[in-house]
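First up is the structure itself, then whatever we jot down about it.
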Amino acid sequence: MSSFKEMIENITPEIYQNLKLAVEIGKWPDGRKLTQEQKELSLQAMIAWEIRNLPEEERTGYMGEQKCKSSGEPIPNLLFKPSDTLH
């Protein structure tokens, strides 16, 4: 694969689930520990795949619309804007 984008396009839901579990527990399915670089790249791949394949509310780090207790007015989610896509 020649690019990160091509790699993301080739991730299946099963591969995504394996990456997600590896990042969560810090180990590959065979028990080997992930290096820091592997954790970072796996997390980047997960997030990029989620942007292409999951609705916003199902993505890693999604917090939804936040409300200020003092005024009850919604605070927009500044981390992930609808225009943040990998197309």
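We use all heavy atoms of the structure for the numbers below, so side chains are in, but hydrogens, waters and symmetry mates are not.
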State, with a plain yes or no, whether a side-chain heavy atom of L54 is found less than 4.5 Å away from one of Y62.
no

Tell me, do K39 and L43 make a side-chain contact under 4.5 Å, heavy atoms counted?
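Counting from C-beta outward, K39 and L43 never come under 4.5 Å.
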
Quick check: closest heavy atoms across [X] and [Y], and the distance to 0.1 Å?
| X | Y | answer |
| --- | --- | --- |
| I8 | R52 | CG2-CD, 3.7 Å |
| M46 | T60 | CE-OG1, 3.6 Å |
| A48 | F4 | CB-CE2, 3.9 Å |
| W49 | P13 | CZ2-CA, 4.0 Å |

How many angstroms lie between atom [atom1] of [X] and atom [atom2] of [Y], to the nearest 0.5 angstrom?
| X | Y | atom1 | atom2 | value |
| --- | --- | --- | --- | --- |
| I11 | L19 | CD1 | CG | 5.5 Å |
| E56 | E58 | CD | CD | 11.0 Å |
| S42 | N18 | OG | CG | 10.5 Å |
| L41 | L34 | CG | CG | 10.0 Å |
| R59 | I51 | CZ | CD1 | 6.0 Å |

For residues 19-30, which residue pairs pass the side chain to side chain donor-acceptor pair (under 3.5 Å) check, not counting sequence neighbours?
W28-Q38, D30-R32

Using a cut-off of 6.0 Å, state whether more than 12 heavy atoms not belonging to E37 lie near its atom CD.
no

Does M7 share a hydrophobic cluster with V23, counting links as ILVMFWY side-chain heavy atoms below 4.5 Å and allowing steps through other members?
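Yes.
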
Donor + acceptor pair across side chains of Q44, E40 (<3.5 Å)
no

